[in-house]
Student: 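Questions regarding the structure given below will be posed in turn.
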Amino acid sequence: MLNPFYFNNFQIYFKIKMQEKMKYPFKEIEEKWRKYWEEKEVYKTNLTDAKNKLYTLVMFIYPSGAKLHIGHWYNYGPTDSWARYKKLRGYNIFEPMGYDAFGLPAENYAIKTGIHPYDSTMKNIEDIRKQLKRMGCMYDWNAEMMTCVPEYYKWNQWLFLQMYKKGLAYRKNAPVNWCPSCQTVLANEQVQTDGTCERCGTTVVHKHLTQWFLKITDYADELLEGLDKIDWPERTKAMQRNWIGKSVGTEINFKVDSTDYSFTVFTTRPDTLFGVTYVVLAPEHELVQKITKEEQKEEVEKYIEKVRTLSEIERTSTVKEKTGVFTGAYAVNPINNEKVPIWIADYVLSTYGTGAVMAVPGHDERDFEFAKKFNLPIRKVILQEGTAPEDELTEAFTGKGTMINSGKFSGLPSDEGKEKITDFIEQKGFGGRKVNYRLRDWLISRQRYWGTPIPIVYCDNCGEVPVPEDQLPVELPYDVDFKPHGSSPLARNENFVNTTCPKCGGPAKRDADTMDTFVDSSWYYLRYMNSRYSEGMFDAELANKWTPVDMYVGGAEHATMHLLYARFVHKFLRDIGLVNSDEPFAKLVHQGTITNQGAKMSKSKGNVVNPDDFTEQYGSDVFRMYLMFMGPYELGGDWSDKGIVGVDRFVQRIYSLFTNNRNLLKKVTPKEKYEIEKLNEAEKSVYRKTNAALKKYQNEIENFGFNTAVAALMELLNEITKNLSELSDGIKAYTLLRFNVMLAPLAPHLGEECWQLLGNEVSLFEKPVWFDADESALRVDTVTIAVQVNGKVRASINIPVDAGKETVKEIAFQSKNVQKFTEGKTIVKEIFVKNRIYNVVVK
RNA sequence: GCGAGAGUGGCGGAAUUGGCAGACGCGCUAGACUUAGGAUCUAGUACCAAUUUGGUGUGGGGGUUCGAGUCCCCCCUCUCGCACCA
């Protein structure tokens with residue numbers, strides 16, 4: 001019976017069994033607390049009380065077929081931890097979550113599988129909601145909302161109509177980016193640098209369509225100035241500044257020789273006006289057809305045709321050699337009546353400035369290159385300091401200098417010349433000062449099904465007629481052939497398209513396009529406060545209490561699109577009296593990108609890491625804490641699960657520490673503060689460490705320094721376990737309580753469990769508790785400072801805190817090593833920084 | 001090309017105002033737990049020599065300073081953004 005082999009195995013079995021019992025049972029515990037929070041509605045925000053309000057927002061989720069990935073966890077987990085910390089500190093937190101539910105992927109998926117975008121989106125939302133709940137964030141599920149329902153998108157239409165009324169929504173036929181794969185138009189902002197479609201990677205081509213634009217350019221200046229007032233990452237603000245691209249310059253009219261035609265150029269360098277040796281029009285410029293001479297017609301036509309096939313990126317590539325064609329016509333330089341040839345070239349864009357450029361090859365790199373290639377004259381009109389007028393230009397000189405060969409303006413510094421020449425041009429009526437922006441109006445028309453219908457009808461009698469507000473929403477029909485045929489899917493739905501004119505009652509057709517989904521996301525943060533509100537776009541009273549958003553966290557890739565559009569819409573809503581603030585997001589933080597093997601995670605690359613694998617093995621707290629511990633939040637980094645066991649061990653140690661001290665608070669009530677001199681050495685050191693950790697933790701969490709906050713907690717745990725046997729129950733309870741409140745934001749389930757284990761009756765997040773550091777404990781009586789001889793550390797000495805130089809010097813020179821390095825030498829200099837360093841310089 | 005950020009042990013990364021570089025974690029090494037260990041605990045772990053100790057070290061080169069990972073100049077590499085913007 002007592003076979004040693006059996007016995008042996010039984011022992012092992014027993015030991016393993018015991019360990020399993022000890023191990024932190026994260027599955028039950030995490031589920032237990034999630035259920036508790038949900039049943040007690042712990043995260044339901046009292047929105048009527050905005051006294052201590054803190055609106056914490058993450059960019060809402062796009063419910064694609066893919067489940068939550070590491071990036072979502074990395075975005076939402078730490079942000080929630082920050083908000084939880086703030087909650088423990090007494091803030092009234094509002095942390096909502098919703099779904100950015102319209103969009104192309106759902107439609108592409110439908111095209112591929114035949115599953116209706118509405119059905120797949122709703123299914124995805126179901127799945128994602130479950131996953132989100134398992135993360136254990138403080139989302140107020142009462143506020144949950146999605147953009148693809150009429151209750152929401154009705155207000156996109158309403159917003160559009162308000163802009164229309166103010167003349168901010170207009171239609172124009174313009175060269176647009178056409179993605180042959182998506183069969184749709186893309187905004188310039190949505191075309192990638194290599195000329196491909198942001199969503200599908202297909203090379204974008206040009207197509208001319210009549211489209212709706214929102215006049216964001218009217219707000220260009222304010223969007224620029226507003227950046228100074230918001231707490232956003234500098235790099236993001238710089239990106240928006242560049243994107244808006246304000247440049248102050250001069251517009252100058254050039255007459256076309258022996259005709260009545262004229263055109264305008266924009267320049268930031270009017271001081272080089274005498275250096276103009278030719279002018280260039282964009283191939284699309286309206287004048288090109290009118291002025292081209294008969295003998296040049298064929299060549300010009302051929303060139304225009306060639307340019308039409310090029311994407312903007314190809315046209316503007318620096319690598320590409322300059323191309324262009326002479327029109328045969330001449331323009332007259334208004335400053336000196338000189339006749340200069342008119343060329344067309346693809347490097348001049350019709351979408352920027354006036355679509356016409358005065359070419360100064362001597363002082364502009366592109367013009368220089370062009371002139372060299374086509375043998376056009378190069379004239380020097382700005383003299384570089386330290387060079388002679390007769391020196392030949394080997395490259396364009398684009399800096400400041402002294403004007404030469406410029407008539408009566410010769411001799412002026414170029415800065416002054418800019419003003420003088422502009423004054424002259426204004427006086428003569430040839431043009432004037434002009435501010436130009438790189439920013440273009442926001443193209444919102446999409447020839448697509450899965451979006452907000454544009455509330456406009458076209459009537460043969462009345463023309464373009466806005467749908468009256470009381471007839472909103474213009475509902476998106478369910479039955480539709482969403483397969484792309486080059487036109488909008490809605491255009492083929494007779495029931496939708498055919499309608500009556502709201503003005504004359506005659507037959508009319510609806511606009512068959514839908515809106516860019518960035519319209520949806522440009523105001524969603526205003527609706528969360530009352531997501532079922534039906535009296536208006538949003539509950540303005542609540543929205544004004546709670547906005548601007550106090551903390552907005554999301555990817556840096558939205559720097560120039562979503563984040564600019566939302567600012568624009570917010571300012572517009574302010575102007576029509578709906579909101580009372582200037583900016584939507586007071587503070588912005590970008591989470592870094594988590595890559596895998598150096599590449600962005602994507603389905604196509606097959607390098608997607610599934611967070612579920614880790615949450616199932618370690619639990620959601622461990623996974624969340626590991627993501628925070630990996631490195632600086634804003635940097636992101638390459639994914640590796642190498643260190644996750646470290647965080648798991650940390651959690652195991654915490655759990656056994658708290659289980660071993662179960663109901664400690666029933667035995668003892670710790671004091672608010674202890675007199676440090678009355679504690680034993682172990683207690684002193686734990687007491688100090690506890691308060692140092694509190695201080696450090698606060699600093700770090702406030703600034704999204706999660707990695708160092710976790711490290712501070714680990715240090716504290718090490719200090720506690722090292723000294724555990726020497727601690728009185730009072731000190732033990734004191735430090736565990738503080739450890740617990742710091743732990744809870746980072747690992748909320750475990751935090752609650754420990755809180756209960758200690759003997760607390762009410763959930764921590766139900767009744768928030770925080771402890772401030774006892775500053776007196778941080779004051780120490782002795783400090784260790786370095787003693788340097790000639791800048792090299794030769795000793796470390798303990799000195800009384802705040803000890804003066806003479807005392808320190810005395811102690812320092814007791815060190816043999818210091819003596820050794822100073823022996824026989826004279827002291828030239830002494831540097832003493834209190835409590836930091838003593839450095840003696842000898843010779 | 002322009003703009004922003006980064007470069008620190010075998011690895012992820014720490015380091016208020018310039019003031020003891022390498023916190024915390026992973027990994028590794030050794031030991032303990034009467035036999036097993038993908039468990040736990042303890043100790044060690046930048047590099048080079050050696051016992052104490054000395055020297056070298058934050059991408060490379062120069063500079064400021066008593067003192068530089070940190071500030072200044074030049075260069076290299078990587079990441080992101082922009083790209084003929086007139």
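Just so it is clear: chains get the letters A, B, ... in the order the sequence lines come, proteins before strands, and each one is counted from 1. Because the structure is a prediction, the values reported are computed rather than measured.
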Student: Is the distance between the ring centroids of Trp442(A) and Phe518(A) less than 6.0 Å?
Tutor: no

Student: Of the options C85(B), A39(B), C24(B), whose atoms approach the side-chain atoms of Met714(A) most closely?
Tutor: C24(B)

Student: Quick one: classify the glycosidic conformation of G54(B) as syn or anti, with syn meaning within 90° of 0.
Tutor: anti

Student: Considering only NZ, NE, NH1 and NH2 on the basic side and carboxylate oxygens on the acidic side, decide whether Glu369(A) and Lys372(A) come within less than 4.0 Å.
Tutor: no

Student: In terms of the nearest nucleotide of RNA chain B, which residue is placed more toward the 5' end: Lys695(A) or Val841(A)?
Tutor: Lys695(A)

Student: Could you tell me if Asp648(A) and Tyr24(A) have a donor-acceptor pair between their side chains, going purely by distance under 3.5 Å?
Tutor: no

Student: For nucleotides 49-55 of chain B, print each protein N/O atom paired with a nucleotide N/O atom at under 3.5 Å, atom names and distance only.
Tutor:
unit_1, atom_1, unit_2, atom_2, d
G54(B), OP1, Asn817(A), OD1, 3.1
G54(B), OP1, Asn817(A), ND2, 2.9
G55(B), OP1, Arg794(A), NH2, 3.4
G55(B), OP2, Arg794(A), NH1, 3.0

Student: Please check: side-chain N/O of Tyr278(A) versus main-chain N/O of Asp367(A), any donor-acceptor pairing under 3.5 Å?
Tutor: yes

Student: Respond yes when some side-chain nitrogen or oxygen of Asn242(A) is under 4.0 Å from OP1 or OP2 of C85(B), and no when none is.
Tutor: no

Student: What pairs with Glu702(A) under salt bridge (charged side-chain N to carboxylate O under 4.0 Å, His left out), at least two apart in sequence or on another chain?
Tutor: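 For Glu702(A) the salt bridge (charged side-chain N to carboxylate O under 4.0 Å, His left out) partners, ignoring immediate neighbours, are Lys86(A).
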
Student: Taking a pair as Watson-Crick or G-U wobble with both distances under 3.5 Å, which nucleotide is matched to G5(B)?
Tutor: C78(B)

Student: To the side chain of Asn839(A), which of C26(B), A4(B), C66(B) is closest?
Tutor: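 The closest nucleotide is C66(B).
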
Student: Pairing check on U40(B): which nucleotide meets the Watson-Crick or G-U wobble criteria with it, both distances under 3.5 Å?
Tutor: A32(B)

Student: Quick one: on RNA chain B, does Arg649(A) or Gly631(A) contact a more 5' nucleotide (nearest heavy atom)?
Tutor: Gly631(A)

Student: C66(B), OP1 or OP2 - any side-chain N/O from Lys829(A) closer than 4.0 Å?
Tutor: yes

Student: Of all the choices, C82(B), A86(B), C66(B), which nucleotide is nearest to the side chain of Trp243(A) once you look at every atom?
Tutor: C82(B)

Student: Can you check whether Arg241(A) has a side-chain N or O nearer than 4.0 Å to OP1 or OP2 of G3(B)?
Tutor: no

Student: State which of A86(B), C26(B), C66(B) makes the closest approach to the side chain of Val645(A).
Tutor: C26(B)

Student: What I want to check is whether an N or O donor and acceptor connect the side chain of Gln788(A) with the base of G19(B) at under 3.5 Å.
Tutor: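 Indeed, a donor on one side and an acceptor on the other fall under 3.5 Å apart.
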
Student: Starting the side chain at C-beta, find the nucleotide from G25(B), G13(B), G19(B) nearest to Asn707(A).
Tutor: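 Closest of the options to the side chain of Asn707(A): G13(B).
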
Student: If you check the Val833(A) side chain, which of A14(B), G19(B), A86(B) turns out closest?
Tutor: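 In terms of side-chain proximity for Val833(A), the closest of A14(B), G19(B), A86(B) is G19(B).
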
Student: Any cation-pi pair here, Arg438(A) with Trp243(A), using under 6.0 Å and within 45°?
Tutor: yes

Student: Report the relative orientation of the aromatic rings in Phe614(A) and Tyr618(A); use parallel for angles under 30°, tilted for 30 to 60°, perpendicular for over 60°.
Tutor: parallel

Student: Could you please name the option among A14(B), C82(B), C24(B) that lies closest to any side-chain atom of Arg438(A)?
Tutor: C82(B)

Student: To the side chain of Asn718(A), which of C24(B), C41(B), A86(B) is closest?
Tutor: C24(B)

Student: May I have the distance from Glu634(A) (atom CD) to G13(B) (atom C1'), rounded to whole angstrom?
Tutor: 16 Å

Student: Where the side chain of Arg235(A) is concerned, which of G13(B), A4(B), A86(B) is the nearest nucleotide?
Tutor: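 Per side-chain heavy atoms of Arg235(A), the pick is A4(B).
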
